[in-house]
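In what follows, a structure is listed as structure tokens, so that the remarks can point back to it.
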Protein chains: 2
Amino acid sequence: MNLSKTSQYAIRVISFMAYDNRQIYPASVLVKKLKISDKYLKRLLTTLSKHGIVRSIQGRYGGFVLDKKPENIFIYDIVAAVENIEKYYGCILGFSECSDENPCPLHEKWAPIRDELINLLKNTSIADVVKNPKIMKF
Amino acid sequence: MNLSKTSQYAIRVISFMAYDNRQIYPASVLVKKLKISDKYLKRLLTTLSKHGIVRSIQGRYGGFVLDKKPENIFIYDIVAAVENIEKYYGCILGFSECSDENPCPLHEKWAPIRDELINLLKNTSIADVVKNPKIMKF
DNA sequence: TTCATATACTACATTATTGTGGTATTTGAT
DNA sequence: ATCAAATACCACAATAATGTAGTATATGAA
């Protein structure tokens, strides 16, 4: 019951870049700092650039930069960029036809919790995350 | 953000058995009723019997019976029987060292939601589920 | 005792996620 | 123009979850 590893990686990278903002980071530096598998992180950064969350600068002295202010990048956007966000709206028992109108037996209990989670993702920006980065060891 | 398919299967089977309690169901009947892959469901039922949630009766005219009253079987027990329940207690950002004392940046917001979910699983019995089985098409 | 029909077990197949390797392409500094 | 150093791309490897096949074993009814 958590975000995918890919989402977690993405949040950590973006957070690191936000922590010391407006600087160009080559992927190699991010790999070393965050200890995420080299090729996987590079691919992830390309994905994030295609979704307008980072900007990629090719060629020598290139790298990646945040494309928005940390206050305007929300966890939800990052998760939606790297995995299928629909998953987070699904029925906890897996009934595709489950809805407010046609609820599964757990719907009334689960839906509010699910909504809280989605609101958490939607309302939490990378700026919020970076306010207390202690555990992230930047 | 939902239970694993295996957990969902398990809940549906147990719910079906609770809906018409104290009857012996051969796996073949459960497979047909619930449209879950034959061998996968049989293996799942064996797992559930090893965890004392159902009782298996071998040989001709055998099958599976609930081993407790539906009021005493909780979603949490079923999930814990078929997947690693620790997963549900984990940090949303994946930090293994994240805790109340050493929180990740999302911990304060996430922990209460996570606790609500766990309470939902712990406090909801199969009897509760079966009260409104409409969507389950029993 | 035999037999039909049930569960138990073992190994393999498929799929999705995560991780790796090699090469092509881009581009600023020289 | 060339080169170093960066991203982009493509194909494959490893792992975990889910699904399938075949066989062994159990047991009540006849």
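The analysis underlying the following values was restricted to heavy atoms, covering all of them including side chains, and did not include hydrogens, waters or symmetry mates. Order of the sequence lines sets the chain letters (A, B, ...), proteins ahead of strands, with each chain counted from 1. All of these numbers come straight from a predicted model, not from anything done at the bench.
The CD1 atom of Ile57(B) sits 12 Å away from the C1' atom of dT27(D) (whole-angstrom rounding). Across the protein-nucleic acid pair, Ile36(A) atom CD1 and dG19(C) atom P stand 9 Å apart, rounded to whole Å. The distance from atom CG of Asp38(A) to atom C1' of dG22(C) is 12 Å, rounded to the nearest whole Å. The distance from atom CD of Gln8(B) to atom P of dA17(D) is 15 Å, rounded to the nearest whole Å. What separates OH of Tyr40(A) from P of dG19(C) is a distance of 6 Å, to the nearest Å. Between Lys42(A) atom NZ and dA24(C) atom C1' the separation is 14 Å, expressed in whole Å. Rounded to a whole Å, the CZ atom of Phe64(A) is 13 Å from the P atom of dT27(C). Between Asp67(A) atom CG and dT7(D) atom P there is a gap of 16 Å when expressed in whole angstrom units.
Ser28(A) comes within contact range of no nucleotide atom at all, as no heavy-atom separation falls under 4.0 Å. Looking at heavy-atom distances under 4.0 Å, Tyr61(B) makes contact with sugar-phosphate atoms alone, never a base. Using a 4.0 Å heavy-atom cutoff across all strands shown, Lys5(B) reaches sugar-phosphate atoms only and no base atom. Within the nucleic acid shown, Leu45(A) has no heavy atom closer than 4.0 Å to any nucleic acid atom.
Counting only N and O atoms by type, the side chains of Tyr9(B) and Ser4(B) include no donor and acceptor under 3.5 Å apart. Ser125(A) and Glu71(A) form no side-chain donor-acceptor contact under 3.5 Å, judged by distance and modelled atom types alone.
Of the side-chain N and O atoms in Ser37(A), one or more sit less than 4.0 angstrom from OP1 or OP2 of dT20(C). Note on Thr6(B): every side-chain N or O is 4.0 Å or more away from OP1 and OP2 of dA17(D).
Note: Phe64(A) and Tyr25(A) fail the aromatic proximity criterion, with ring centroids not under 6.0 Å apart.
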Should Thr124(B) and Lys109(A) be marked as a side chain to side chain contact (heavy atoms under 4.5 Å, CB included) after you check the CA-CA gap, both sets of side-chain angles, and the distance that decides it?
CA-CA 9 Å; Thr124(B) 306; Lys109(A) 289 179 167 187; 3.2 Å; yes
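In this model, a side-chain donor or acceptor of Arg43(B) finds a partner on the base of dT20(D) within 3.5 Å. Scanning atom types as modelled, no donor and acceptor separated by under 3.5 angstrom connect the side chain of Lys39(B) and the base of dG19(D).
The hydrophobic clustering, which links ILVMFWY residues whose side-chain heavy atoms are closer than 4.5 Å, places Phe74(B) and Ile126(B) apart.
Closest to the side chain of Tyr9(B), from the set dG19(D), dA6(D), dA5(D), is dG19(D). If you check dT27(D), dC9(D), dG19(D) against the side chain of Thr46(A), the one that comes closest is dC9(D).
Nearest-nucleotide mapping onto DNA chain C: of Gly59(A) and Leu41(A), the residue sitting toward the 5' end is Leu41(A). Projected onto DNA chain D by closest heavy-atom contact, Lys50(A) and Gln58(B) fall at different nucleotides, the more 5' of which corresponds to Lys50(A).
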